[in-house]
Protein chains: 2
Amino acid sequence: MPSSAIREAFESVPSPAVLREIVPIVRDEVNRSAAVRCSTCSMRNVCTPPGLTAEELSRVDSIVCTTRTVRRGDTLFRSGDLFQYLYAVRAGSFKTVIVHSDGREQVTGFQITGETLGLDGIYTGRHNGDVVALEDSVVCVISFLQLETVCREIHTMQHHVHRLMSGEIVRESRLMMLLGTMRADQRVAAFLLNLSQRFKALGYSSAEFHLRMTRREIGCYLGMKLETVSRTLSRFQRDRLLDAQGKQIRILDPEGLAACV
Amino acid sequence: MPSSAIREAFESVPSPAVLREIVPIVRDEVNRSAAVRCSTCSMRNVCTPPGLTAEELSRVDSIVCTTRTVRRGDTLFRSGDLFQYLYAVRAGSFKTVIVHSDGREQVTGFQITGETLGLDGIYTGRHNGDVVALEDSVVCVISFLQLETVCREIHTMQHHVHRLMSGEIVRESRLMMLLGTMRADQRVAAFLLNLSQRFKALGYSSAEFHLRMTRREIGCYLGMKLETVSRTLSRFQRDRLLDAQGKQIRILDPEGLAACV
DNA sequence: CGTCGCATTGAAACTTGTCAAACATTGTGG
DNA sequence: CCACAATGTTTGACAAGTTTCAATGCGACG
């Protein structure tokens, strides 16, 4: 949609349907900031394959349109929004959630720095779920159309994107195994150990971290009620596997936790 | 791995590890048959985007190496196998299953004619789960390396592959909602309606079909025990929602089933 | 300082799993 | 072609795990 169309749309009072189309686009337009450089980004290694030439890197730079800031509780995009961009979390964290018409919700993932958002939109051209910031966060905005172009030019980049998508498929199938076969304590243990690993990979402590999500959101991700999450954490604490002060988690016995799973 | 390497490997007794590498490759080599033509395949519309020129179609033909027949109960590939090929189900049906080291199993999908297998392997270069034929089946074998090449040449083919992967991501996240939020009867109803739709899309009856999988496999897919699957089907039958004679299913009241979900 | 959302904990209710037995179906070898 | 074995299915009774409902405490924020 060209910006002239956006202007026209606002000359009369836009319908909710039209607003739904335009708002995410406008958000991205107005937030467009000075050129974002992948070539100097510390997260470069997660967005691009290793071994790109300087020339190739600057080609990649050219397709990262902008960064966007999303405040805690706000959505990056919602189910039904037109798909145009992929997003890379630069700072902060998000949840992806699918809402059924009857109000049931399922959190399908939590994304932290260096992880990808928006791949669900390619299939139909519209996003399949909502993405909500768990804290004030920043994402890089990548035009998917331009990404496809770059992938036709640079083999390694093409394969990198394919790996990214396949990784999402593998991640989801692991979560399906968790939801399908594990009991409550196993699920919580697996969840904490997975987070722990991801924090470690970012250079943070694997033993102590701050949960950005509520017990309800954890439960919604693990397929159980918030009370069960709370009880399980209390039990782990009683068993000296961890120390939980609200959202602050300290893992005391990672092997013991791993033995649960 | 060139075929000379395969020959060498067999001059002495190969180790289990070496066999594990070679067997799937050999299987694909020996089954190589006369050229398979996508251009004349009735399933063409699922494997290729619409609107390819004759020239482009013949380019696509060139990368479908062969078809392969898999007997009921045999595996197409297994977790840990080297990833080289994607597969399109030409006839028959499969289950994809992840086996945890402690023996827990999760069926992550059932694939019927026109559906894709193997996307999980791109991530690490090795397959992440087992694929087992539920009946004697035939797949088209597609070299992924060559597919990537074609995708760099033909925009629409590139986008088609991206849609395929994204569709898998969306499918899995729907299954996660099922596993995370639904009760047994809702899961079974959703499962039957989903199968029904897919059969319908293939031109078969949406009301009456033959399940290729056992109650145990259905349970393993839906995150419940086979007894619960059986009881749920019996209840549906008592409520005149469907008629189940073993694996033969006749849906009597699709709206009633949909109301369960 | 009160309110609101979040977290914890207990008791009862419900759903699903477990174990066991009987029956049905399929496939195989005599 | 039949008999038998193996596998798959159905059903019941009981146990276990999780949810539901309810009460209470905690901490952030206006």
Presence of donor-acceptor pair under 3.5 Å, side chain of B:R235 and base of C:dT16: no
Pair of N/O donor and acceptor under 3.5 Å linking C:dC19 base with B:E227 side chain: yes
Between [atom2] of [N] and [atom1] of [X], the distance in whole Å:
X	N	atom1	atom2	value
B:I218	D:dG8	CD1	P	12 Å
B:R72	D:dT7	CZ	P	12 Å
A:Q237	C:dT9	CD	P	8 Å
B:Q186	C:dT15	CD	P	11 Å
A:R216	C:dT8	CZ	P	13 Å
B:E217	D:dT7	CD	P	14 Å
B:L226	D:dT7	CG	P	15 Å
B:F236	D:dT11	CZ	P	14 Å

[X] side chain near [N] phosphate (N/O to OP1/OP2, under 4.0 Å):
X	N	answer
A:T228	D:dT19	yes
B:K247	D:dT9	yes
A:R215	C:dT8	yes
A:T214	C:dG5	no

For a quick test of reading the model, state the closest non-hydrogen atom pair linking [X] to [Y] and the distance between them.
X	Y	answer
B:T232	B:D185	CG2-CA, 3.7 Å
A:T113	A:M43	CG2-SD, 3.7 Å
B:L82	B:H127	O-CD2, 3.9 Å

Does CZ in B:R216 sit with more than 12 non-hydrogen atoms of other residues, nucleotides or ligands closer than 6.0 Å? no
Tell me whether A:R72 at atom CZ has more than 12 heavy atoms from other residues, nucleotides or ligands lying less than 6.0 Å away. no
Would you find a donor on one side and an acceptor on the other, under 3.5 Å apart, between the side chain of B:T96 and the backbone of B:G109? yes
Is the ring centre of A:Y204 less than 6.0 Å from the ring centre of A:F209? no
Within residues 94-112 of chain A: residues closer than 4.0 Å to DNA chain C (heavy atoms): none
Assert: residue with more 5' nearest nucleotide on DNA chain C, out of B:A184 and A:A244, is A:A244
Pick base, sugar-phosphate or nothing for A:R231, based on heavy-atom distances below 4.0 Å to the nucleic acid. base
